[in-house]
Amino acid sequence: MKQILLITDGCSNVGTSPVLAAAHAFQEGITVNVAGVVDYGTIGELGSLEIAEIAKAGGGVSQVVGTRQLAQTMQMMTRKTVVQTIHQAVNRELKQILGHTALEELPPSQRSQVVQVVDEMTETTSLQVALLIDASASMKPKLSAVEDAIRDLMLSLQAREGISEIAVFHFPGRRSGEDTVLDSDWTRDAGTLRALFQRLQMKGATPTGPAIMRVIDFFRYGTLDEHQPWRGNTDEGEGMLGDYVV
Amino acid sequence: MKEKGCSVTTSSKPAYPAGTVITGKWRKGRFVIRRVLGQGANGIVYLVQKEGSRNPYALKMGYDTLDLQSEINVLMSLQSKRKSSASPRGGTRMSYLLDVDDFKGQQGDIPFYVMRYFPGSSLHHFIRKRGREWIGLTGLRLLEKLNGLHRSGFIFGDLKPENVMVSDVGHVELIDYGGVSSIGRSVKQFTEWYDRGYWNAGSRTSDEGYDLFAFAVLIIQLLNEDDLKTAAVQHLPQTRSPGQLLSLVQRSPKLKPYSEWLRRAIRGEFSNSHEALKLWKETIYTPALVGKLPGKTPRWLINAFALSIMIVCLACLWAFFL
């Protein structure tokens with residue numbers, strides 16, 4: 001099972017629409033969750049609308065929280081999404097076998113056995129979560145809380161019976177045109193997730209959409225290498241899309 | 001089907017007013033709501049009366065069918081194990097589940113189950129009202145409950161004072177089984193203070209030690225909440241450690257009688273909750289040996305005793321040489 005967890009504090013302002021990018025992720029079987037982080041004031045109507053839309057298009061959940069609740073929220077969203085994905089798969093099966101459209105329509109006595117299977121799969125299915133962190137200037141004071149929350153999430157995932165892996169990205173990169181940077185490749189060990197964002201240079205731009213597109217690539221090819229021949233030589237996010245919309 | 005939307009349910013949901021009649025879709029049971037008892041992480045619990053009877057029950061309406069069914073599965077499994085083992089431990093032979101059904105709400109079906117109603121107050125309220133000397137006994141009964149759960153193959157997970165009910169005569173009952181998970185699985189639901197992972201003291205995999213750790217934090221909270229609060233916020237998450245809890249236990253005179261037990265629970269040294277239960281019993285039933293006697297023996301008495309021994313020895317030597 002594949003998930004992207006986007007952590008941001010505002011609107012995207014460069015490149016592809018993040019809602020479209022999330023829809024592409026969902027098409028690829030990757031669920032997109034969004035945690036909006038605000039400590040003072042609000043995230044703004046536009047920002048919270050975008051966050052909700054990204055999650056909706058990505059088949060996931062979203063929530064706006066302060067840094068104090070971030071760890072707990074990330075843990076809850078990840079778990080909820082795993083359950084939800086399995087729930088949907090089980091409902092499809094039920095429809096095929098019994099003609100029922102959903103678990104909710106089974107009598108409670110039969111529901112019990114189905115839920116046992118869902119619980120079992122929730123615990124044992126293997127899981128990859130790509131954390132995509134908005135490192136625009138306004139996020140700077142929140143990054144240490146983000147780092148702690150990532151370690152805490154890893155601790156929760158390590159407790160599962162199934163294999164769980166985390167990769168960490170931030171965006172934008174240092175050079176222009178570098179949409180996202182890999183901070184930590186797939187890992188199962190919380191110990192490797194130290195000092196993730198130490199040498200980070202904060203920038204103003206927030207290319208959320210292009211960054212999501214790059215992470216989808218990473219799920220596919222295991223690399224962020226920009227010089228892949230199939231991509232052609234367009235630098236813009238819009239250009240990349242041609243390859244997906246077939 | 002229920003709309004899942006894109007929000008995670010944490011905020012409080014509007015509750016049904018008193019007098020609402022809840023009719024089961026499948027089994028047609030009818031229950032009249034009297035008031036809200038509480039709100040858990042995955043549902044609202046009401047005090048209800050079965051229509052046509054005086055008996056009060058607790059009725060839990062879930063936010064999510066799957067979550068609630070998972071909780072019901074645990075309760076059913078406990079119930080069947082309790083029946084087959086027929087052991088008297090854990091109090092009277094009670095049944096958790098009286099009814100499981102759906103209720104037609106305005107926005108679709110709402111799953112619910114009906115269980116026994118346990119009148120009482122939360123552990124921290126009880127202790128605040130009745131005094132700290134009740135901690136030994138209520139703690140013992142709580143450990144017995146946990147031990148019973150462990151022997152059935154589950155751990156409670158989200159142990160905190162709000163989830164422990166105490167009757168006016170000190171009977172203890174665990175409420176909210178939403179966080180219960182099978183031993184060996186990941187802990188489903190937890191609250192930071194009581195979580196072993198939060199203190200960097202171990203994993204979030206369900207084992208008996210997980211509940212015992214939470215129990216230790218709970219006891220520290222009941223006896224010395226201020227210092228616990230300070231310890232929790234003082235350090236950065238990566239430097240937070242069980243050592244801070246251990247030094248708190250060592251420093252605090254109020255925790256002294258329980259220090260040995262707490263130390264072992266925090267370090268994860270109990271091999272199981274049976275062993276922990278045994279030590280707790282020894283701790284609370286031998287207060288004279290554990291807490292009071294050594295501390296109360298006056299220093300001068302010890303010195304005088306040592307001196308008199310020396311004099312006797314000298315006298316013996318003297319007598320011998322003469």
Side-chain angles (χ1 to χ4, degrees), chain A residues 33-34 51-65 69 71-73 75-77 79-80 83-84 86-88 90-91 101-109 111-116 118-120 122-124 144-145 147-149 151-152 155-161 164 194, chain B residues 1-2 4-11 24-27 41-42 64-77 97 99-102 108-113 181-182 184-192 195-198 200 202-207 210 233 236-240:
Chain A
N33 291 324
V34 192
I51 284 168
E53 298 236 287
I54 296 171
K56 199 174 172 190
V61 291
S62 71
Q63 196 169 1
V64 178
V65 291
Q69 301 98 48
Q72 202 195 351
T73 305
Q75 203 261 111
M76 199 166 60
M77 289 201 302
R79 185 181 179 90
K80 205 181 165 84
V83 174
Q84 201 172 304
I86 291 167
H87 188 175
Q88 280 156 1
V90 166
N91 275 354
T101 46
L103 167 77
E104 287 81 356
E105 285 155 43
L106 287 175
S109 53
R111 224 178 264 167
S112 159
Q113 292 164 25
V114 179
V115 170
Q116 243 168 33
V118 174
D119 277 349
E120 176 79 29
T122 302
E123 180 72 21
T124 54
S144 75
E147 211 177 305
D148 294 333
R151 268 196 300 274
D152 194 81
L155 191 67
S156 283
L157 293 182
Q158 273 174 334
R160 298 175 71 244
E161 276 176 41
S164 315
R194 295 204 180 278
Chain B
M1 222 187 112
K2 268 213 278 190
K4 283 240 160 133
C6 21
S7 70
V8 177
T9 18
T10 46
S11 56
K25 173 179 161 187
W26 306 91
R27 290 158 53 93
N42 49 9
D64 180 272
T65 309
L66 209 150
D67 269 0
L68 196 76
Q69 187 60 51
S70 187
E71 186 176 331
I72 293 167
N73 282 359
V74 169
L75 294 174
M76 289 202 305
S77 161
L97 282 171
D99 205 352
V100 179
D101 214 323
D102 293 334
D109 287 359
I110 302 167
F112 71 84
Y113 70 83
S181 47
S182 302
R185 293 255 159 115
S186 53
V187 175
K188 255 192 207 170
Q189 204 175 289
F190 55 85
T191 306
E192 8 180 85
D195 167 41
R196 188 166 68 180
Y198 175 81
N200 291 318
S203 76
R204 283 194 187 124
T205 304
S206 307
D207 53 41
Y210 188 89
V233 295
L236 293 168
Q238 61 266 40
T239 58
R240 213 180 279 129

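Every chain is numbered from 1, with letters handed out A, B, ... down the list of sequences.
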Top residue by heavy-atom pair count (under 4.5 Å) with chain B, among [options]?
options: A/Gln158, A/Glu147, A/Glu120; value: A/Glu120
options: A/Glu161, A/Gln116, A/Arg151, A/Gln113; value: A/Glu161
options: A/Leu106, A/Thr122, A/Asn33, A/Val34; value: A/Leu106
options: A/Ser109, A/Ser156, A/Gly58; value: A/Ser156

Quiz item: Given the options B/Val187, B/Asn73, B/Leu236, which has more heavy-atom pairs under 4.5 Å with chain A than any of the others?
Solution: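 Highest number of heavy-atom pairs under 4.5 Å: B/Asn73.
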
Practice problem: Against chain A, work out which of B/Phe190, B/Tyr113, B/Trp26 has the most heavy-atom pairs shorter than 4.5 Å and name it. | Solution: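 Most pairs with chain A among the choices: B/Trp26.
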
Practice problem: Determine, stepwise, if the pair B/Arg240 / A/Asp148 fulfils side-chain contact (heavy atoms from CB on, under 4.5 Å). | Solution: CA-CA 12 Å; B/Arg240 213 180 279 129; A/Asp148 294 333; over 6 Å; no

Quiz item: Between B/Leu66 and A/Val83, is a side-chain contact (heavy atoms from CB on, under 4.5 Å) present by the stated rule, with each step listed?
Solution: CA-CA 9 Å; B/Leu66 209 150; A/Val83 174; 3.8 Å; yes

Practice problem: Would you mind checking if A/Lys80 and B/Asp67 are paired as a salt bridge, meaning a charged N to carboxylate O distance below 4.0 Å? | Solution: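 Answer for the salt bridge query: no.
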
Quiz prompt | Presence of salt bridge, A/Arg111 and B/Asp102, under 4.0 angstrom | solution =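 Salt bridge: yes.
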
Exercise. For B/Ser186, check side-chain contact (heavy atoms from CB on, under 4.5 Å) against everything at least two apart and list the hits.
Key: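 Counting only residues at least two positions away or on another chain, B/Ser186 forms a side-chain contact (heavy atoms from CB on, under 4.5 Å) with A/Arg79, A/Glu123, A/Ala159, A/Arg160.
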
Quiz item: Where does B/Glu192 contact chain A at under 4.5 Å (heavy atoms): side chain, backbone, both or neither?
Solution: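 Just its side chain gets close to chain A.
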
Quiz prompt | Residues, nucleotides or ligands: over 12 heavy atoms within 6.0 Å of B/Gln189 CD | solution =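 Yes.
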
